[in-house]
Amino acid sequence: MISAKEARKQSEQNKQNILNKEMAIIEEKINNEISQGNNNVYIDGSISLNARQMLEQLGYNVKCGSQYNESYTNIEW
């Protein structure tokens, strides 16, 4: 049986891996918009709270909302 300490450690590692993957996808979308001369990116769906906080710490303006029961995220720089 795995110990609680090891379970917590694995959970934290998995959370970080998920956040890293999410940020890589967001970064790719931002880079695509930059290459087109835009200063914002619209993402269908929501992003995690951790990703939002990380983007805001980096100076991005992040707006999340919902319209017609569909969530969206707009990131501006």
Side-chain angles (χ1 to χ4, degrees):
M1 179 69 153
I2 187 172
S3 70
K5 181 179 178 180
E6 183 60 28
R8 276 190 299 278
K9 180 181 173 184
Q10 288 181 18
S11 290
E12 288 302 316
Q13 287 174 342
N14 287 334
K15 279 189 215 177
Q16 189 61 47
N17 290 340
I18 291 167
L19 178 59
N20 290 342
K21 288 177 187 177
E22 181 179 19
M23 291 303 294
I25 292 167
I26 293 169
E27 183 177 21
E28 182 180 339
K29 291 176 187 260
I30 288 172
N31 287 332
N32 185 45
E33 293 299 321
I34 289 170
S35 71
Q36 296 179 32
N38 297 325
N39 65 346
N40 73 309
V41 63
Y42 180 87
I43 300 173
D44 288 328
S46 60
I47 62 173
S48 70
L49 178 60
N50 288 337
R52 180 179 181 160
Q53 290 172 339
M54 185 178 286
L55 287 165
E56 288 173 342
Q57 288 174 354
L58 291 169
Y60 290 93
N61 184 18
V62 182
K63 295 179 183 174
C64 300
S66 177
Q67 186 173 1
Y68 307 116
N69 293 327
E70 298 290 329
S71 60
Y72 64 87
T73 303
N74 191 49
I75 304 168
E76 298 177 337
W77 53 92

For Ser71 against Ser46, the heavy-atom pair lying closest together: OG-N, 3.4 Å
Closest heavy-atom pair and its distance - Ser48, Leu19: OG-CD1, 4.2 Å
Sidechain-backbone polar pair: Asn14 side chain, Gln10 backbone, donor-acceptor under 3.5 Å: yes
Heavy-atom closest pair, residues Trp77 and Glu33: CH2-CB, 3.8 Å
Whether over 12 other heavy atoms sit under 6.0 Å from Gln13 CD: yes
Stepwise side-chain contact (heavy atoms from CB on, under 4.5 Å) check, Glu22 with Asn50: CA-CA 10 Å; Glu22 181 179 19; Asn50 288 337; over 6 Å; no
Salt-bridge contact Glu12-Lys9 (side-chain N to carboxylate O under 4.0 Å): no
Interatomic distance, Asn61 atom CG to Asn39 atom CG [nearest 0.5 angstrom]: 10.5 Å
Approximate separation, where rounding is to 0.5 Å, of Cys64 SG and Leu49 CG: 9.0 Å
side-chain contact (heavy atoms from CB on, under 4.5 Å) assessment of Ile47 paired with Val62: CA-CA 10 Å; Ile47 62 173; Val62 182; 4.2 Å; yes
Ile43-Ile25 co-clustered via ILVMFWY side chain contacts under 4.5 Å: no
Closest non-hydrogen atom pair between Thr73 and Gly45, with its separation: OG1-O, 3.0 Å
Connected via hydrophobic side-chain network under 4.5 Å: Tyr60 and Ile34: yes
CG-CD distance between Asn20 and Glu27, expressed to the nearest 0.5 angstrom: 11.0 Å
Straight-line distance of Asn74 CG to Asn40 CG, nearest 0.5 Å: 5.0 Å
Interatomic spacing from OG in Ser11 to CD in Gln16 - rounded to 0.5 Å: 13.0 Å
Leu55 side, atom CG; Ile30 side, atom CD1 - distance, nearest 0.5 Å: 5.5 Å
